[in-house]
Each structure stands twice: as structure tokens, then as C-alpha cells.
Amino acid sequence: MAKHQTPLLDQLESGPWPSFVSDLKQEAEARAKNERNIEYQIPQDVVEDLMGVLELSYKDGTTHWKHGGIVGVFGYGGGVIGRYCDQPEQFPGVAHFHTMRVNQPAGKFYTTKYLKELCDLWEFRGSGLTNMHGSTGDIIFLGTTTPQLEEIFYELTHKHNQDLGGSGSNLRTPSDCIGQARCEYACYDTQALCHYLTNEYQDELHRPAFPYKFKFKFDGCPNCCVASIARADLSFVGTWRDEIQIDQEAVKAYVAGEFPPNAGAHAGRDWGPFDIQKEVIDRCPTGCMRYEDGKLEINNRECTRCMHCINVMPRALKPGKDRGCSILAGAKAPILDGAQMGSLLVPFIKVEEPYDEIKEVIEAIWDWWMEEGKNRERLGELMKRQGFQKLLEVTNIKPVPQHVQEPRTNPYIFWKEEEVPGGFERDIKEFRKHHQR
Amino acid sequence: MDQETANKLVVEALQKKQKTKSKFYFSDLQDILGMKPREAKKYVNKMVEMGILEFWSSGSTTMYGLKGTGKQAAAEHED
């Protein structure tokens, strides 16, 4: 019989989706049986106590976790998040239930052997419960006690060649899409850049001195599979600056129904024959395409790189050949000020080792934010408070129309005196010669 | 500024506020040291390494405190 009765949690299993409650019960049962004779280093019934405290929280309508804590591994200010239960007598298994963040390999590529080793370590020294690649992107170990932290850190770094990720007011574990390893759309090597910057900014990752969290995310193309544009303080989105490559024969083949559109996706029902006008041309957000006399034409100057036409006809269309990335700044989820999408800062930059130009942008932004950012203020909020123009100044980037939202309908330009030839001072007598009072 | 002077400045300033506050933002320490953030970070890191300061983290925000002080530390030592 279960250690705690959990009728409210049990109810969550009744829905149509797989439930985390079922997973918890499975792990609790496995730990109770201990068929592999593991010498558990934290209480064997930790998962049952976790369910117990969650049930109590549902019943009481309040959390039973205290706020944060002083735990970590030596020299690191991030990667470990202290979690203490405020009902330790009732639930001794989760009196300490600290979280550890493990820096996922770039592109989340790992072997099953590596994964098994991590899980074995966590069964032995932790609760066995993990949260793989949630919104932080990293591998999260849920629940262990203080004495286990250094042991786990030693084994991770010495046996598995694996570092902890970021948490708190520092650079969070950089996260990237699968990139050129598997995806033909990727306009730059996301894994190389993610890995390089992770190593380059180890101090920022492990020793918190920022006003708040700071996230890098890397998307290989504007499909934005890691959603960098919506949640990274600095997002690097692959793009191109020449023309979309068109294979006219393949376009005709799509029109003739020889290739399934969308690479066969959404094929669960019959959508009728492929209609290029309806499904591609009319869907173009800038209306920069036409299909006439069996020929597809794109006015590339007007293209906003939305990827729709390429996604629908991947055998016929490819991103251009002159590839790099755009850098956007200031995205964040809500808390203060509401959610914000990234604002375009660098329209195009080549992504080439040693990435000096990219580092210049990053470091200029950090210097500004560290100096001017209020406590718990994200970059996006600072940008709103001091203005996008200030961001351009500190990064030494010249304003271009792409920086202006709706540049065609928003002609407002704020000039500073030093930018205007002759300044703002005028000879009033000279002025009065031509203009009456 | 040498490390020792920095340590003294920070410890004295934090001890003064001990009655009302046990956790401090990095910017508080930076103000005490009167330095630019990157420079202050070197001294603060060293103080953590020397065991003078310790990190406190909520998971999203990190703060600093004198080692062994504050409610959280007291709770820890009860175990």
C-alpha cells in the first residue's frame, strides 16, 4: 500500500494524457522493490514523500516548499537550487530536495549509454526523478540532499565529462536546435556556436554577478525550433541575405502533385490536390511571390524570411547561399512587464570562428546591463526603460530601417544634436530675415 | 585595492546591516566596493572562494550573504 493516500493526485491520472503522477508512482514502486540492489544514498521512499507533500499542497491550496537556499558546489553560484520542505516531520524523505541542473550536450545529442550512466548516478545519489529538456533546455535532476551535491558534481565532472548548467543571476545553460547535424535549413552551425560560447563564458555561467538571469538560444533558421525569439535575452536566428534558391522543375513537380507538400507533414487527412496559389503565394506575408506560366518568382528584397514557402516545398526552395544569423535582443516570458518578443539588433552577421564580432556585441550588452540594470531586471525591461536607441549606442550599431517597427508608417526619427550638421543652435537674426514673428 | 581591504570593507558593511538584512544583491556589494561590475566581481568571487561570503539562490535570483548568517543558514544547521 502507498505510504500516503493521494486521491487528488490520482484524479490527475484520469485524463487522456500520460500523467506525471503515473511516472512518480512507477518510480516509487521501483525504488521500493529495488531489484538492482542499489545502495540508495537518500531515503528510499523519497518519491512517496514527494507525492505526499504535493497532495497536501493541493489540499491546503499552498506550497510546502521554502524559498530557495544556500546550497551549491564549491566555487559555483549556479547549477544547484536549494529546495527545503516546510513539513519535514511528515515528509522526511523530501526534507532536502535540491535540484541540480546538468548542462545538456549541444543539440541535445547523446548516446543511450551516456543517458543510462546519468540515470544510474541519479538513482544512486538522488531521487531518480528527472526533467529532461524543459523550458531551460537542460537536464534537470530533481531532488537530492546536501551531502550528495559534491559527490554528484565530482562524478559528473570526472567520470562523465559533464558540467553543471546555469541557474540564478547568471548566464543560463545556452541552448540550441539540432542544427546542421540533421537539418538542411540550418544557416549556421548552431552546435558549434553554442558549444564555443558555453566554454568561452564559463565564468558568467558559474559565478553569478548579473542583475538577473540571462539566456542565449541558437536557432539555425527562422523556423525557430528552440523558440529563441520568444524567450532568450539574446537570440541567434539563422538567416541568409541573398536570394532563396529555386529549382523550377521541382516547383512544377509539386504543382503536378508528384511530391507531397510540407514534406508529407499534416497528411492525416485529405486536403485535396496541392494548390500553389492558395497554399504558398497567398500565404506569403509580404506578398512577394507569384506563380505564372509555370514559373515561380520571388522578389527577395521584400522577403521577411518567414520560411513558409520553403517549409511547404522543401525540394523546390532552399535558403540562399550567403548565410549567417540575425541577433535579436530582449525576449522574455512574463513576470514583470509581460512577455516580450526579441527585437532585431543585428540584421545579419556571418557566423565564423573565432566569433569575435558576435562576442563584441554580447560583451557590450553585458557591460551596459551590468552597469545600468536594476536588480531582477531582464535585458528586455532595460531596453524598454532606457530605449532601443541606447542599446544601439552601447553596441555601436548604426540604426537601419530593420530596427524600426513598421518603418514605412513610422517616420519618426529622434535626432541628437551631435548628429545634426551645425547642431540645434541657430542664428536668430538670420532666421528672422526669412520668417516673420 | 588589495583583496584584504576589499574583504574588510564588505564584511564591515554587511555586518552593520545584519539586524535587518542577511542577503544582498551583487549590486549592493559593488556599491560597497565602489567599483565597476566586472572589477567588483573578481573581489567578490575571491571572497566566496575564501569562505567569507556564500551564495543564496532562489533558483531565479542569486544573492550573497556573510557565511553562516541569516535565517536560511540557521535552518540548515538545525538538521
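Order of the sequence lines fixes the chain letters, A, B, ..., with proteins taken first and strands second; residue numbering starts at 1 for each chain. Values reported hereafter were calculated over all heavy atoms of this structure, with side chains retained and with hydrogens, waters and symmetry mates removed.
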| said: Within a 6.0 Å radius of atom NZ on B:Lys8, are there more than 12 heavy atoms belonging to other residues, nucleotides or ligands? | reply: no

| Segment of A:Phe74 engaging chain B (4.5 angstrom heavy-atom cut-off) | side chain

| message | As an exercise, state the distance from CG of B:Asp28 to CG of A:Asn375, rounded to the nearest 0.5 Å. | response | 6.0 Å

| field | Under 3.5 Å: donor-acceptor pair, side chain of B:Lys41, backbone of A:Arg207 | value | yes

| Residues, nucleotides or ligands: over 12 heavy atoms within 6.0 Å of A:Lys359 NZ | yes

| note | When every non-hydrogen atom of B:Trp56 is compared with those of A:Gly69, the smallest separation belongs to NE1-N, 3.5 Å

| query | Is the OH atom of A:Tyr154 crowded by more than 12 outside heavy atoms at less than 6.0 Å? | reply | no

| remark: Most heavy-atom pairs under 4.5 Å with chain A, out of B:Phe26, B:Tyr25, B:Tyr64, belong to B:Tyr25

| remark: Tightest non-hydrogen contact, residues B:Gly59 and A:Arg172, listed as O-NH2, 3.5 Å

| Between A:Arg83 and B:Ser58, what is the shortest heavy-atom contact and its length? | NH2-O, 3.2 Å

| request: Determine whether B:Phe55 and A:Pro208 make a side-chain contact, defined as any pair of heavy atoms from C-beta on separated by less than 4.5 Å. | output: yes

| Over 12 non-hydrogen atoms of neighbours within 6.0 angstrom of CG in A:Asn396 | no

| Spacing of NE2 belonging to A:His206 relative to CG belonging to B:Asn45, to within rounding of 0.5 Å | 12.0 Å

| request: Check A:Glu363, A:Glu204, A:Glu371 against B:Arg38 for a salt bridge (Lys or Arg N to Asp or Glu O under 4.0 Å) and give me the one that passes. | output: A:Glu204

| query | Going from OG1 on B:Thr62 to OH on A:Tyr212, what distance comes out if it is rounded to the nearest 0.5 angstrom? | reply | 10.0 Å

| remark: Here the pair of heavy atoms bringing B:Ser57 nearest to A:Gly168 is OG-CA, 4.3 Å

| What part of A:Asp203 is in contact with chain B, defined as an atom under 4.5 angstrom from a non-hydrogen atom: side chain, backbone, both or neither? | both

